Amino acid sequence: MDRMDLLDDLAGRGLLHDTTDRQALAARLSSGPIALYIGFDPTADSLHAGHLVGQLFMRRFQLAGHRPFPLAGGATGMIGDPGGRSEERNLLDADTLAHNVSRIQAQLSRLVDFEPGPYQATLVNNADWTVSIPMLDFLRDVGKHFTVNQMIAKDSVRSRIDSEHGISYTEFSYMLLQAHDFLHLHQTYGVELQAGASDQWGNITAGVELIRRRTGATAYAATHPLMVRADGSKFGKSVGGAVWLDPARTSPYQFRQFFVQVGDDMVGTYVKMLSMRPLAELVELLERHEAAPEQRLAQRALADELTELVHGREAAETARAAAEVLFGGDPSRATAATLAAIAAEVPSVTLDGDIEGRRVHELLTAAGLAASNSEVGRLLAQGALRAGGRVLAADGLLRASDLLDGGYLVLRRGKRDYLVGKTSRAG
RNA sequence: GGGUCGAUGCCCGAGUGGCCAAAGGGAGUUGACUGUAAAUCAACCGGCAACGCCUACGGAGGUUCGAAUCCUUCUCGGCCCA
């Protein structure tokens with residue numbers, strides 16, 4: 001993308017919440033490559049869907065010819081950002097933090113390009129330049145440039161001071177650490193722009209201020225809106241909790257499903273904020289979606305694109321195939337890989353021996369898919385049970401031919417519930 | 001402390017000796033419809049080796065050919081009087 005178009009493109013996607021002097025920033029961006037950073041605090045050992053906006057924000061800059069510096073907050077994570085919460089954080093111990101940082105670094109390195117070259121991304125960790133600073137130096141070199149008056153004026157601090165829990169001195173100093181990060185990156189790598197979610201505005205501008213006072217240079221700030229759901233609640237939570245980027249916490253299938261199930265009211269917003277496709281294409285996609293919302297074109301396109309970005313092409317394709325089966329498709333033509341993905345999502349049992357002539361009753365009750373043999377009998381009578389694509393007869397007897405590719409038995413109860421039996425042949 | 005009413009299936013709530021696995025409603029399940037939405041309609045909705053048997057109407061004991069229903073007692077709860 002042409003550098004001159006970047007801010008307009010971001011604005012068109014609803015990704016610009018606020019910037020320092022927009023004209024100046026636009027002029028700076030068009031004059032040549034800029035280095036920018038976004039910080040991610042390691043409060044868990046994985047980022048989640050809500051972090052995607054920020055990561056992709058950096059990717060957009062990189063594709064426009066700029067150099068991103070994704071930052072893992074090994075230092076700030078020890079303190080905790082006071083914003084967005086009503087009470088004090090629990091501090092993480094050093095081991096947990098180190099573990100979290102290493103995992104998050106791996107995730108940060110997926111969505112931006114680290115290949116050597118002019119736009120190469122650089123992964124940084126603020127613990128590297130923070131842990132060894134003498135306290136007196138910090139107070140003199142950083143603290144001296146801020147008045148408590150302006151610090152307590154920030155919304156995130158204000159709301160905590162007004163709350164019954166108050167705010168500790170530790171969290172109060174978070175802003176200074178983040179400001180110092182910006183200064184450090186500015187001096188070390190020439191980073192001129194810090195981006196982040198809109199709730200980071202105060203912390204980011206603190207850094208802009210510090211750079212100006214210490215070096216006289218102009219630095220820039222840009223924030224994107226926090227992603228929220230239609231009801232205003234936090235984005236990225238599903239029934240099972242947060243939607244993580246780590247496939248061990250949230251499988252590629254579940255990750256994809258989260259986006260497939262986005263409501264029509266929000267899908268337009270999400271598509272524009274998250275898809276890397278050109279805005280014009282997205283406008284056209286959304287028009288087609290609105291003409292036939294039942295096809296979930298926008299949701300599927302977004303889900304497929306993001307799953308592929310985060311988990312890779314192969315995992316995305318398997319997740320898509322698994323969803324097709326789990327939402328009514330015929331499992332008998334599914335590949336072994338798809339069946340394995342399905343087995344990971346639904347209850348499963350190990351099958352010993354031959355299934356020819358075996359009753360499904362015990363399999364279903366043992367797996368909790370039916371409460372009793374009586375219930376299995378009722379389900380059979382209602383034609384609610386299938387093995388592979390075959391509706392089971394009232395006797396509930398299985399056939400050897402019900403085993404699918406790779407030795408999987410796929411039992412379906414009603415529309416939604418599945419049980420996968422794995423024979424010794426299955427992986 | 002005295003009196004009185006009550007305790008029923010996941011929830012609410014009928015039932016006051018056999019016709020009671022227990023009305024009705026809600027929830028839930030399945031099917032039809034459908035957009036991986038909602039609504040609507042229908043069936044199901046204790047268990048089992050299943051035209052029968054077992055378990056179950058707060059707990060224990062009793063009366064009776066037969067008890068959710070009657071008696072005794074215990075536990076818990078509502079209300080009234082001290």
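So you know, we letter chains A, B, ... as the sequences are listed, proteins then strands, and number each from 1. Being a predicted model, the structure only gives us computed values, none of them experimental.
In summary, D304(A) and R256(A) engage in a salt bridge, as defined by a charged side-chain N under 4.0 Å from a carboxylate O.
The nucleotide C79(B) finds its pairing partner in G3(B), both defining distances of the Watson-Crick or G-U wobble pair being shorter than 3.5 Å. Across all strands shown, A39(B) forms no Watson-Crick or G-U wobble pair with both key distances under 3.5 Å. Across all strands shown, C65(B) is found opposite G18(B) as a Watson-Crick or G-U wobble partner, with both distances under 3.5 Å.
Residue D264(A) is the one, among D264(A) and A371(A), whose nearest nucleotide of RNA chain B lies closer to the 5' end (criterion: closest heavy atom). Between G263(A) and R386(A), the residue anchored closer to the 5' end of RNA chain B is R386(A), taking for each the nucleotide with the nearest heavy atom.
Centroid-to-centroid, the aromatic rings of Y37(A) and Y189(A) stay 6.0 Å apart or farther.
The same atom, P, is picked in U72(B) and in G77(B); the two are 22 Å apart, to the nearest Å. Only the P atoms considered, A14(B) is 16 Å distant from C70(B), to the nearest whole Å. The P atoms of G15(B) and G9(B) are separated by 16 Å, rounded to the nearest whole Å. Comparing the P positions of A21(B) and U69(B) gives a spacing of 14 Å, expressed to the nearest Å. Using P as the reference atom, U16(B) and A7(B) are 13 Å apart when rounded to the nearest Å. Of the C1' atoms belonging to U64(B) and C45(B), the separation is 34 Å, rounded to the nearest Å. Here the separation of G24(B) from U73(B), taken at their C1' atoms, is 34 Å to the nearest Å. For the C1' atom pair drawn from G13(B) and G26(B), the interatomic distance equals 10 Å after rounding to whole Å.
Between E375(A) atom CD and C10(B) atom P there is a gap of 14 Å when expressed in whole angstrom units.
At a threshold of 4.5 Å between non-hydrogen side-chain atoms, the residues R249(A) and D45(A) count as touching.
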Worked check of side chain to side chain donor-acceptor pair (under 3.5 Å) between S159(A) and D162(A): CA-CA 5 Å; S159(A) 64; D162(A) 292 342; over 6 Å; no
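Nearest to the side chain of K415(A), among C33(B), G35(B), U30(B), sits C33(B).
The aromatic rings of F255(A) and H311(A) sit perpendicular, their planes meeting at an angle over 60°, well past the 30° parallel limit.
Judged as a side-chain hydrogen bond (donor to acceptor under 3.5 Å, both in side chains), the pairs with a partner in residues 389-402 of chain A (not counting sequence neighbours) are, in order, R390(A)-D402(A).
Within 90° of 0 lies the glycosidic angle of C51(B), which makes this nucleotide syn.
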Reading 5' to 3' through nucleotides 36-46 of chain B, protein heavy-atom contacts under 4.0 Å coded B for base, S for sugar-phosphate only, - for none: BS-----BSS-
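Separating the CG atom in L7(A) from the CZ atom in F61(A) is a distance of 6.0 Å, to the nearest 0.5 Å.
Contact annotation: side chain of N373(A) to base of G47(B), donor-acceptor pair absent below 3.5 Å.
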